[in-house]
*Asks:* 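This structure is in structure tokens; I'll ask about it shortly.
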Amino acid sequence: MKLAILSRAPRSYSTQRLRTAALDRGHRVKVLNTLRFAIDLSSDEPDLLFRGKPLSDYDAVLPRIGNSISYFGTAVVRQFEQMDIYTPNTSGGIVNSRDKLRATQILSRHNIGMPATTFVRDRADVVAAIERVGGAPVVIKLLEGTQGIGVILAPETKVAEAIIETLQSTKQNVLIQRFVKESKGRDIRALVVGDRVVAAMRRTARGDEFRSNVHRGARVEAVQLSEAHERVAVRAAQIMGLRVAGVDMLEGDDGPLVIEVNSSPGLEGIEAATRLDVAGAIIDYIGNQVAFPQIDVRQRLSVSTGYGVAELVVQGDADLIGRKLGESGLRERDITVLTLHRGASVIPTPSDRRVLEAGDRLLCFGKLEEMRSMIPARKKRRARVKKLPKHPIHDG
Ligand SMILES: Nc1ncnc2c1ncn2[C@@H]1O[C@H](COP(=O)(O)OP(=O)(O)OP(=O)(O)O)[C@@H](O)[C@H]1O
Ligand SMILES: [Mg+2]
């Protein structure tokens with residue numbers, strides 16, 4: 001394949017390793033400075049110029065977009081997507097992972113452990129927010145912080161309030177997060193490629209620092225992840241739309257707690273700690289997937305008027321329970337089942353012989369009118385029964 005690595009740091013360890021790994025495998029590879037692209041929307045088809053000249057043909061692109069150029073960088077990746085060039089990390093995935101609030105919002109419905117987090121704007125809501133995540137000591141985070149900058153541990157509610165007020169007065173948005181004491185000064189970085197963890201390390205902060213960022217002097221060591229950690233890391237990356245990702249997890253008493261999904265994970269620390277060929281694994285994965293450029297399913301499928309994607313649930317009143325999928329009548333109603341979710345497992349393109357069970361969730365493409373009656377009623381929001389420390393919360 002011919003691969004473009006988008007990077008502004010051609011000499012950095014990660015870029016060099018990726019480039020060499022590609023060459024070693026007989027691929028053609030170029031490192032292209034992300035900022036030298038021009039996105040061209042003047043002709044019939046989406047196009048890209050590089051250094052003012054038409055870009056030659058590429059089969060795949062590996063974006064390594066730094067935080068400081070997120071907007072332009074993700075626009076370039078989006079253009080590659082429009083041109084049907086494969087990228088393991090979508091522009092949407094990169095955008096989602098850049099902002100800690102956005103990432104937490106997206107992951108929160110998928111049963112992925114995360115430290116209790118809350119986001120408020122009005123001063124009047126700050127104290128209740130702190131209590132909601134368990135009270136002080138509490139972690140305060142700038143939405144777009146990196147390398148531990150903008151991650152603060154406030155020992156008391158009063159101090160937390162003052163910090164939040166100060167940050168907000170300078171127009172910075174902050175998250176309020178439970179301090180995961182049991183993981184103080186330690187976290188785990190899992191390097192996810194495709195649907196597996198290819199390497200993992202533990203980072204341990206120096207002294208009584210609670211942040212285990214390597215930039216703050218943390219030590220790193222290889223770790224063998226539990227199956228739970230691996231599963232969580234892979235799912236978090238997949239949900240974010242990233243096939244190459246560094247997933248950071250705290251080690252909570254009740255299992256892994258994801259704090260961050262990084263779309264351009266550095267390779268130096270993890271390759272040194274684990275002595276594994278992470279760069280090679282990334283290139284192998286891209287080589288394998290290059291035939292499958294990103295397709296925005298909703299965008300493409302909804303072009304057929306009256307058709308769309310919906311999730312149907314096999315419920316008591318429908319006469320689907322115990323029936324074979326082929327005899328369910330769905331096909332006749334112009335409904336195609338793409339996947340079947342049963343408990344924690346997913347069955348892709350289930351066969352006609354598959355017998356439906358109560359609670360099965362069918363992800364379908366089909367005629368919207370035919371599917372309407374089978375869409376479950378909206379879940380009533382559960383009454384909050386969580387024990388709240390000290391002040392009760394009235395959200396009337
Ligand atoms: N809720 C928490 N409880 C305990 N420790 C935490 C918590 N959140 C973060 N930490 C510690 O602080 C460190 C930095 O936090 P985080 O990874 O969220 O921000 P960052 O490193 O600045 O961002 P990025 O990883 O994008 O560079 C973590 O590696 C972890 O050691
Ligand atoms: Mg971090």
Side-chain angles (χ1 to χ4, degrees), residues 14 64-70 73 89 93-105 107-108 112-119 129-130 132-155 160 163-164 167 172-192 200-221 223 229 233 236-237 240 242 245-270 273:
S14 301
R64 307 273 310 170
I65 309 294
N67 267 303
S68 57
I69 59 157
S70 290
N89 288 354
I94 299 169
V95 168
N96 289 342
S97 64
R98 277 293 130 94
D99 171 322
K100 289 180 190 185
L101 176 64
R102 197 194 291 240
T104 312
Q105 285 180 297
L107 294 177
S108 66
I112 288 184
M114 289 184 293
T117 302
T118 177
F119 183 61
I130 294 170
R132 223 168 22 241
V133 300
V138 69
V139 174
I140 299 167
K141 289 188 186 180
L142 289 181
L143 285 195
E144 298 203 15
T146 183
Q147 303 179 355
I149 298 163
V151 179
I152 304 163
L153 180 58
I163 294 169
I164 292 166
L167 292 171
Q172 313 222 51
N173 284 315
V174 293
L175 289 185
I176 301 170
Q177 193 167 75
R178 179 172 89 84
F179 174 48
V180 183
K181 269 196 267 351
E182 61 268 31
S183 185
K184 178 177 182 284
R186 277 183 306 139
D187 73 354
I188 287 191
R189 159 62 62 95
L191 216 305
V192 175
M201 63 180 175
R202 174 177 289 123
R203 298 179 288 208
T204 309
R206 206 180 282 175
D208 55 4
E209 170 64 59
F210 85 103
R211 296 164 297 180
S212 50
N213 293 79
V214 175
H215 284 94
R216 319 208 75 80
R219 278 186 293 112
V220 297
E221 62 189 325
V223 278
H229 278 78
M240 296 300 289
L242 302 172
V247 180
D248 294 345
M249 294 171 279
L250 299 175
E251 298 171 85
D253 283 340
D254 300 324
L257 299 168
V258 173
I259 51 170
E260 174 136 54
V261 183
N262 203 306
S263 62
S264 306
L267 303 184
E268 189 164 12
I270 197 142

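Each ligand, and each atom within it, is numbered from 1 in the order the structure gives. Position 1 is the first residue of the sequence, and the numbers go up from there.
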*Asks:* Mind checking whether M240 and L107 have side chains closer than 4.5 Å, heavy atoms only?
*Replies:* yes

*Asks:* Quick one, list the residues around ligand 1 where some non-hydrogen atom comes in under 4.0 Å, by chain and residue number.
*Replies:* K100, V139, K141, G145, T146, Q147, G148, I149, V151, Q177, R178, F179, V180, D187, F210, R211, S212, N213, D248, L250, I259, E260

*Asks:* Using only heavy-atom distances, determine whether the side chains of D187 and S212 contain a donor-acceptor pair under 3.5 Å.
*Replies:* yes

*Asks:* Do the non-hydrogen side-chain atoms of I176 and F119 ever get within less than 4.5 Å of each other?
*Replies:* no

*Asks:* Distance-only criterion, 3.5 Å: show the donor-acceptor pairs between side-chain atoms of residues 253-261 and protein atoms not counting sequence neighbours.
*Replies:*
none

*Asks:* Among residues at least two apart in sequence or on other chains, which ones pass salt bridge (charged side-chain N to carboxylate O under 4.0 Å, His left out) with R64?
*Replies:* none

*Asks:* Any salt bridge (Lys or Arg N to Asp or Glu O under 4.0 Å) involving residues 94-103? Give me the pairs, sequence neighbours left out, ordered by first then second residue.
*Replies:* none

